[in-house]
Asks: 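Below is a structure I'd like to ask you about.
Because only heavy atoms are used, hydrogens play no part in the values below, and waters and symmetry mates are left out as well, while side chains stay in.
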Amino acid sequence: MAVDFFYPEYEIVRDQNRCINCRVCERQCANKVHALDEASGKMCSDDSKCVNCHRCVSMCPTRALKIVKSGNTFKTNSNWTNDYMKEIYRQANSGGVLLSSMGNPADFPVYWDKILINASQVTNPSIDPLREPMETRTFLGKKPEKIERDTEGNIITKMEPNLELALPVLFGGMSYGAISYNAHASLAQAAKACGTFYNTGEGGLHKDFYKYGANTIVQVASGRFGVYKDYLNAGAAIEIKIGQGAKPGIGGHLPGLKIVGDISQTRMIPQGTDAISPAPHHDIYSIEDLHQLVYSLKEATDYQKPVIVKIAAVHNVAAIASGVARSGADIIAIDGFRGGTGAAPTRIRDNVGIPIELALASVDQRLREEGIRGNISVICGGSIRNSTDVVKAVALGADAVYIATAALLAMGCHLCRSCHTGNCNWGIATQKPELVKRLNPEIATQRLINLLHAWEHEITEIMGGMGINSIEALRGNRLMLRGIGLTEKELSILGIKHAGE
């Protein structure tokens, strides 16, 4: 009979000379790793339950704990790695689909790290952002192709509805249910304070957050959870979610154990029932169908709100984006394969989709070649990790970026990738009341504000060094980028030169 016991991936190292048996680790761990051994009077740990969330390490008052990677492995084999072997054992035991959380952790190229930023010197001097104005505002939505005047010669200033951002950074879609009430409250409050927007994800909008509507993007996904007229009119923009970077081509699934209380009411489904979003929208099978939904949503909101269409980054993304731009949408959001998620089939998360850098560059180039770049704004997401990623994304053609994992990290997430279990020790990806209360919304809000303020300072410094004083002048300015360690084909797709040229 096969035995599929695995040696724990992580080990808890406890310094018994420092441990005072305060049992803080026991109370703080939602996975029940720690316990007091009554016989010996000492704390002990069940390493097999540890997900390396570092809650116990952070909370230990005497620093008696640390978590280390287990050194135990199967016999080395470059083809049959430890992970592949363990996954086969698990599926042979359960007969189930492997599920994973957060983004693709595989060792694929990260193109942001292979792109360098140019700097100005003598003939095109740099700009000091401390003494000269720097414009970080950006507007998302359709832009007029030309100046038009009325019969009296006055410029017609009426425009299509746009979103105004103080900084080209928005909080990406994370549904109420996938993340906690306190996490949503923090995102909403930070968006309002920073002059940007947060996205509801596909779970509807809790009644308490309608007051943040001016800084809210409401999402319409294939499951239509929580979608009705008041919801559509509550936000500043509407996003039609077609695809998601972490799981292109498939729908969503929120387990019934998370459909409790207010989540059930917000999503408008019975408590305890799984919230399953079908893979396709069953009313969209062509660009003409998408056009119909875009204008149905505009009609429902009296043409006062821009409509976003979110798609996953896939191999034919440029052609898809071209069709979306002709559907009547105002903004297109592209999500790369490193984008996070509360839960996704492991095989899809790690093998489907393409990097956001290549997708973004190809979309921007295609729209420019077809002369329709001004018809639609572009948001990109999928592992935007810092301010330089933002600058590089804008230079590759984005009008703004979505951040989600970075926002969760700012709130306290330790990226232990166990969101799908509902046992988030940091109170973020959970609906258990005793865990939710661990996330203090006031503190989390301030940390998000601090992050965006820090990025804003860094973005203006980088732009100043480039000799650029506005986001608009940076957008699509690929002359300010250079590649390093890239093939000719990669440089061609990105539309940049090699370092040294």
Side-chain angles (χ1 to χ4, degrees), residues 1-19 25-26 28-35 37 42-60 63-110 113-114 246-247 337-353 355 383 385 405 408-409 413-426 429 485:
M1 179 177 179
V3 177
D4 59 359
F5 168 77
F6 307 125
Y7 194 87
E9 186 176 2
Y10 302 100
E11 295 179 349
I12 310 294
V13 179
R14 186 185 304 273
D15 187 337
Q16 293 293 353
N17 293 323
R18 289 186 175 186
C19 181
C25 55
E26 182 181 9
Q28 291 294 325
C29 183
N31 299 302
K32 304 186 184 304
V33 171
H34 307 279
D37 180 26
K42 295 181 178 180
M43 295 298 297
C44 58
S45 307
D46 183 350
D47 297 343
S48 66
K49 297 178 180 178
C50 180
V51 297
N52 197 19
C53 74
H54 272 234
R55 181 79 181 185
C56 60
V57 176
S58 301
M59 295 297 175
C60 180
R63 295 187 178 177
L65 295 171
K66 65 178 179 179
I67 302 172
V68 299
K69 181 78 172 175
S70 167
N72 188 73
T73 63
F74 295 109
K75 195 169 183 176
T76 303
N77 188 315
S78 297
N79 184 40
W80 289 100
T81 64
N82 276 264
D83 288 341
Y84 288 149
M85 291 173 68
K86 287 179 180 179
E87 287 168 353
I88 284 180
Y89 293 147
R90 288 193 180 100
Q91 288 190 296
N93 182 53
S94 68
V97 173
L98 296 169
L99 287 179
S100 299
S101 304
M102 302 310 292
N104 186 329
D107 188 23
F108 289 111
V110 179
D113 296 338
K114 295 176 179 288
K247 41 187 176 182
F337 80 149
R338 288 193 187 273
T341 180
T346 305
R347 291 290 163 260
I348 289 177
R349 184 198 67 172
D350 295 350
N351 294 279
V352 182
S383 195
R385 305 159 302 168
T405 302
L408 297 184
L409 289 169
C413 167
H414 277 55
L415 214 64
C416 64
R417 300 201 296 272
S418 59
C419 313
H420 56 288
T421 68
N423 288 327
C424 177
N425 273 312
W426 298 95

Asks: Ignoring hydrogens, what is the shortest heavy-atom contact between R349 and S100? Give both atom names and the distance.
Replies: NH1-CB, 3.2 Å
Asks: Give, for atom CD1 of I88 and atom CG of L98, the distance between the pair rounded to the nearest 0.5 Å.
Replies: 10.0 Å
Asks: Indicate whether any N or O donor in one side chain lies under 3.5 Å from an N or O acceptor in the other, for S45 and D47.
Replies: no
Asks: Once rounded to the nearest 0.5 Å, what's the spacing between atom SG of C29 and atom CG of N423?
Replies: 8.5 Å
Asks: Write down the atom of N79, the atom of Y84, and the distance for their closest heavy-atom approach.
Replies: O-CD1, 3.6 Å
Asks: Any heavy-atom pair between the side chains of N425 and Q28 that's under 4.5 Å?
Replies: no
Asks: From K247 NZ over to T341 OG1, what is the distance, rounded to the nearest 0.5 angstrom?
Replies: 3.5 Å
Asks: Does a side-chain heavy-atom distance below 4.5 Å link S58 with H414?
Replies: yes
Asks: Looking at K86, I want to see if its NZ is surrounded by more than 12 non-hydrogen atoms of other residues, nucleotides or ligands under 6.0 Å.
Replies: yes
Asks: So how far is it from L99 CG to R347 CZ, rounded to the nearest 0.5 Å?
Replies: 11.5 Å
Asks: Applying the side chain to side chain contact (heavy atoms under 4.5 Å, CB included) criterion to W426, which one of C413, C53, C416 satisfies it?
Replies: C53
Asks: Would you say the side chain of I67 lies within less than 4.5 Å of the side chain of I12, judging by non-hydrogen atoms?
Replies: yes
Asks: Compare every heavy atom of R18 with every heavy atom of A64, then report the nearest pair and how far apart it is.
Replies: CB-CB, 3.7 Å
Asks: To the nearest 0.5 Å, what is the distance between SG on C424 and CG on L408?
Replies: 8.5 Å
Asks: Taking the side chain as every heavy atom from C-beta outward, state whether P355 and R338 have any atom pair closer than 4.5 Å.
Replies: no
Asks: Could you give me the CA-CA distance, side-chain angles and deciding distance for H54 and N52, then say whether side chain to side chain contact (heavy atoms under 4.5 Å, CB included) is met?
Replies: CA-CA 5 Å; H54 272 234; N52 197 19; 2.9 Å; yes
Asks: Please output the side-chain donor-acceptor pairs of residues 69-76 that fall under 3.5 Å, not counting sequence neighbours, one pair per line with the distance.
Replies:
| from | atom 1 | to | atom 2 | distance (Å) |
| --- | --- | --- | --- | --- |
| K69 | NZ | E9 | OE2 | 2.8 |
| S70 | OG | P8 | O | 3.2 |
| S70 | OG | N72 | N | 3.1 |

Asks: Got R14 and H34 here, is their nearest side-chain heavy-atom distance under 4.5 Å?
Replies: yes
Asks: Taking the side chain as every heavy atom from C-beta outward, state whether L415 and M102 have any pair of such atoms under 4.5 Å apart.
Replies: yes
Asks: Kindly say whether V33 contributes a backbone atom to a donor-acceptor pair with the side chain of N31 at under 3.5 angstrom?
Replies: no
Asks: Looking only at heavy atoms, which two atoms of M43 and C25 are closest? And how far apart?
Replies: CE-SG, 3.7 Å
Asks: Looking at A246 and G340, what are the two nearest heavy atoms and their distance?
Replies: CB-O, 3.9 Å
